[in-house]
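The next block holds one structure in the form of structure tokens; read it before the comments.
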Amino acid sequence: MGRVTCTAVPLDPSFVGRSYPPTAAYQVGREKIREFADAIGDDDPVFRDREAARAAGHSDVIAPPTFAIVVAMSSWHVLIDDPELGLDYSRMVHADQSFRHHRSIGVGDVLSTTVHVDGIRTAAGNDILTVRCEIADAERNPVSTAGSTLVVRGTSEQEGSA
Amino acid sequence: MTLRACSEVAEGDELPPLHVTVTRADLVRYAGASGDFNPIHWNERVAREVGLPDVIAHGMFTMALAGRLVTEWAGDPAALVDYGVRFTRPVVVPDDGSGAQLEVTGSVKQRRDDGTVVVAITARSGAQTVLGKATATVALRN
């Protein structure tokens with residue numbers, strides 16, 4: 001305890017409201033959906049079998065609802081790679097997550113993500129970054145909105161001894 | 001599975017609970033499937049270096065498991081239109097041959113006129129809740 005030193009530079013609040021150009025396309029693959037569904041232990045056939053998906057009213061296999069995080073997280077590199085923002089990924093913790101699905105993600109979708117910085121604040125020596133990923137299809141129709149609160153933990157001695 | 005009808009649902013209904021065992025192997029599989037290779041989810045040394053008691057599960061893995069409670073009950077994963085959680089406590093996954101136990105429960109909080117239903121979710125590992133404000137909105141059959 002005692003002296004508090006922070007080696008990290010706080011995130012610049014002027015980044016609030018900024019958005020980045022849409023990311024390169026993410027193509028949703030059949031085996032990737034199956035792999036993800038297996039990993040979360042969900043045996044629903046609509047993630048694996050085209051006929052089962054069609055019987056449920058879909059044109060083909062769909063992805064589990066939280067598969068959208070795979071697409072969203074792959075777009076976070078625009079934040080990590082922005083030298084002006086100076087985000088230290090190694091000290092970043094995922095604090096909350098939300099999804100609004102405009103439609104299901106399906107096999108063959110070609111998705112692009114626009115990353116928006118909705119908020120930056122500091123609390124208890126930590127930077128709290130609110131990020132919104134707008135995921136759209138090849139026709140630029142909205143597919144999913146993924147909102148994340150990311151906490152960049154401070155490196156104060158006080159926190160280290162807590 | 002078929003999509004559940006809104007008329008079958010009443011506020012206060014309990015969803016069938018979900019019990020899942022989470023092992024280190026599950027975390028490695030989720031890391032590969034999701035692309036999240038943060039070592040705190042598979043490397044004890046790194047987890048302890050950053051002040052964690054042991055390797056912890058990906059928050060998104062817990063969120064995915066809790067989502068299954070809702071989509072299995074609703075009868076169609078596409079019915080889940082809104083889903084949000086806070087990662088309040090980590091699910092600690094020891095390398096002891098048995099892993100961590102996750103218990104997910106939920107109840108219908110609200111039935112809306114537009115056919116959507118709001119489900120409040122509780123996820124526990126051991127005696128502690130691990131998700132906060134976990135809420136899912138599903139669009140059921142009218």
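The chains referred to below are lettered A, B, ... by the order of the sequence lines, with proteins before strands, and numbering in each begins at 1. None of these values were measured; they are calculated from a predicted model.
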Chain A heavy atoms under 4.5 Å from B:Thr88: which part of the residue, side chain, backbone, both or neither?
neither
Answer yes if [X] and [Y] sit in the same cluster of Ile, Leu, Val, Met, Phe, Trp and Tyr residues linked by side chain heavy atoms under 4.5 Å apart, and no otherwise.
| X | Y | value |
| --- | --- | --- |
| B:Ile40 | B:Trp42 | no |
| A:Val16 | A:Trp76 | yes |
| B:Val130 | B:Val119 | yes |
| A:Val110 | A:Val28 | no |
| B:Leu102 | B:Leu52 | no |

Could you give the distance from [atom1] ([X]) to [atom2] ([Y]), rounded to the nearest 0.5 Å?
| X | Y | atom1 | atom2 | result |
| --- | --- | --- | --- | --- |
| B:Arg86 | A:His94 | CZ | NE2 | 12.5 Å |
| B:Asp76 | A:Ser104 | CG | OG | 7.0 Å |
| A:Met73 | B:Asn38 | CE | CG | 8.0 Å |
| A:Phe99 | B:Thr137 | CZ | OG1 | 14.0 Å |

May I ask you to check whether over 12 heavy atoms, not counting those of [X], lie within 6.0 Å of atom [atom1]?
| X | atom1 | answer |
| --- | --- | --- |
| A:Arg103 | CZ | yes |
| B:Lys109 | NZ | no |
| A:Arg48 | CZ | yes |
| B:Asp96 | CG | yes |

Region of A:Phe67 in contact with chain B, defined by heavy-atom distances below 4.5 Å
neither
Cut-off 4.5 Å, heavy atoms of chain B, and the answer for A:His102 is neither
For chain A, the option from [options] that forms the most heavy-atom pairs under 4.5 Å:
| options | answer |
| --- | --- |
| B:Val81, B:Thr2, B:Val50 | B:Val81 |
| B:Phe61, B:Tyr83, B:Phe87 | B:Phe87 |
| B:Met63, B:Lys133, B:Arg68, B:Arg29 | B:Arg68 |

Please find the pair of heavy atoms, one from [X] and one from [Y], that lie closest to each other, and give the distance.
| X | Y | result |
| --- | --- | --- |
| B:Leu65 | A:Ile40 | CD2-O, 3.3 Å |
| B:Ala33 | A:Val70 | O-CG2, 4.3 Å |
| A:Phe36 | B:Ser34 | CE1-CB, 4.3 Å |
| B:Met60 | A:Thr66 | CE-CB, 4.0 Å |
| A:Asp42 | B:Glu72 | OD1-OE2, 4.3 Å |

Are the side chains of A:Ser98 and B:Asp82 in contact, using a 4.5 Å heavy-atom criterion?
no
Find the one option among A:Ala52, A:Ser74, A:Pro64, A:Ala95 whose heavy-atom pairs under 4.5 Å with chain B are most numerous.
A:Ala95
